[in-house]
Amino acid sequence: DYEPSANEIKLFYNSVFVADNIKEACPEHLVNFKGVLDCPELPLNVSRSYLQNDAYIRKITSHISKKVADKLNAMFNNEREALESKWKDMKPYFEYACMRDEKFGDKVRDKILYEKASGGFCTVSEYLGDKDEGTVYYTTDKEAQSYYLGLFADKGTEVIIFESIIDNNFAQYLESKNDKIKFRRIDSGFEETESEGNEGLKELFKKAMGNEEADISFSALGEDGAAALISLPEEGRRFAEMMKMYSSQGMGMGMFPVSETLVLNANHPLVSYITENQDGEN
């Protein structure tokens, strides 16, 4: 869970301790930040009201933000292995800082790393390779979504791991910065396949399900794939999750239903058999 704590900044004047926990000197978006400031330009008897209003303090906060961004960029470029070893603990705070401060985000959002389901880390740019647009596929639960992960692995498509709700928020933030990039959970949709007999089979399944409004599609998932899967629309699921998170207590996902699509595997022998015999000839 994302649980930020108060910043801890100690203020010194020419190496003489002046005050403790000077949160005014640290940018609000850099949560859980700890450090020491030695500021010879400040008066020795500095007051809390002075810290809250002085332009020099605002310059300090801007300088700290820049130095943190520079450090992240330097580690990304020169100490990538060391950065990755600590990254899982650091990532939520950098994502939050990017979304809270535009200038900070401009400096570092392209350096945000994601753990890959296959192992290792990558940025969005590294995921897309030499393309400047495309879809980034992610999983929020490797165990629960293991079958879908297998489908993507069989196609040779990399999947990244979202570990917390802030990852979802940051994905929307990145999409707002670049409309050529889309994030899609691995169970959010499959390329639809249309062939003769599909419409009749859809009606057959709707009747069997007792739901004339059921959303049914076909996709080529291979002969060894499952006969059918459930797919959730990305946008609708995101909205439902957001409303659940921000709603008052006692309101669950049932208050914000997400339309599901039954995806039939057009390559599966059972589906092929039903297609060929849906009129009851055999």
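Keep in mind it's a predicted model, so treat the numbers as computed, not measured. Position 1 is the first residue of the sequence, and the numbers go up from there.
- For Tyr96 and His29, the ring centers sit 6.0 Å or farther from each other.
- Exactly one of Lys131, Lys116, Arg80 qualifies for a salt bridge (charged side-chain N to carboxylate O under 4.0 Å, His left out) with Glu126. That residue is Arg80.
- Between Leu229 and Leu151, some side-chain heavy-atom pair lies under the 4.5 Å cut-off.
- Within the 4.5 Å cutoff, the side chain of Glu235 has no heavy atoms near those of the Arg238 side chain.
- Using a 4.5 Å heavy-atom threshold, the side chains of Ile230 and Leu262 count as touching.
- At least one side-chain heavy atom of Ile160 sits under 4.5 Å from a side-chain heavy atom of Tyr127.
- Residues meeting the ring pair (Phe, Tyr, Trp, His ring centres under 6.0 Å) test with Phe76, sequence neighbours left out: none.
- Note that CZ of Arg185 is 8.5 Å distant from CG of Asp141, once rounded to the nearest 0.5 Å.
- A donor-acceptor pair is defined here as one N or O able to donate and one able to accept, closer than 3.5 Å; such a pair exists between the side chain of Ser85 and the backbone of Ala82.
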Query raised in the report: Could you go step by step and tell me if Glu158 and Ser118 meet the side chain to side chain contact (heavy atoms under 4.5 Å, CB included) rule?
Result: CA-CA 7 Å; Glu158 186 61 77; Ser118 62; 2.6 Å; yes

Query raised in the report: Going through the checks in order, is the side chain to side chain contact (heavy atoms under 4.5 Å, CB included) test met by Leu232 and Ser188?
Result: CA-CA 5 Å; Leu232 302 173; Ser188 66; 5.7 Å; no

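- In this structure, CD in Glu192 is found 10.0 Å from CG in Leu264, a value given to the nearest 0.5 Å.
- Applying the side chain to side chain donor-acceptor pair (under 3.5 Å) test to every pair with at least one member in residues 104-114, sequence neighbours left out, gives these pairs: Asn73-Lys111, Asp106-Arg109, Arg109-Tyr173.
- In this structure, Ser217 and Thr261 have side chains that are in contact, with non-hydrogen atoms separated by less than 4.5 Å.
- At distances below 3.5 Å, not a single donor-acceptor pair connects side-chain atoms of Glu79 with backbone N or O atoms of Ala74.
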Query raised in the report: side chain to side chain donor-acceptor pair (under 3.5 Å) between Gln145 and Thr139: does it pass, once the steps are laid out?
Result: CA-CA 7 Å; Gln145 297 159 13; Thr139 176; 2.6 Å; yes

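- Under a 3.5 Å cut-off, the side chain of Asp167 and the backbone N or O of Phe162 do not form any donor-acceptor pair.
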Query raised in the report: Are Glu115 and Glu163 close enough, and set up right, to give a side chain to side chain contact (heavy atoms under 4.5 Å, CB included), and what steps lead you there?
Result: CA-CA 9 Å; Glu115 186 178 7; Glu163 298 174 303; 3.7 Å; yes

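- Side-chain heavy atoms closer than 4.5 Å link hydrophobic residues (I, L, V, M, F, W, Y) into clusters, and following such links, even through other members, never connects Ile161 to Tyr137.
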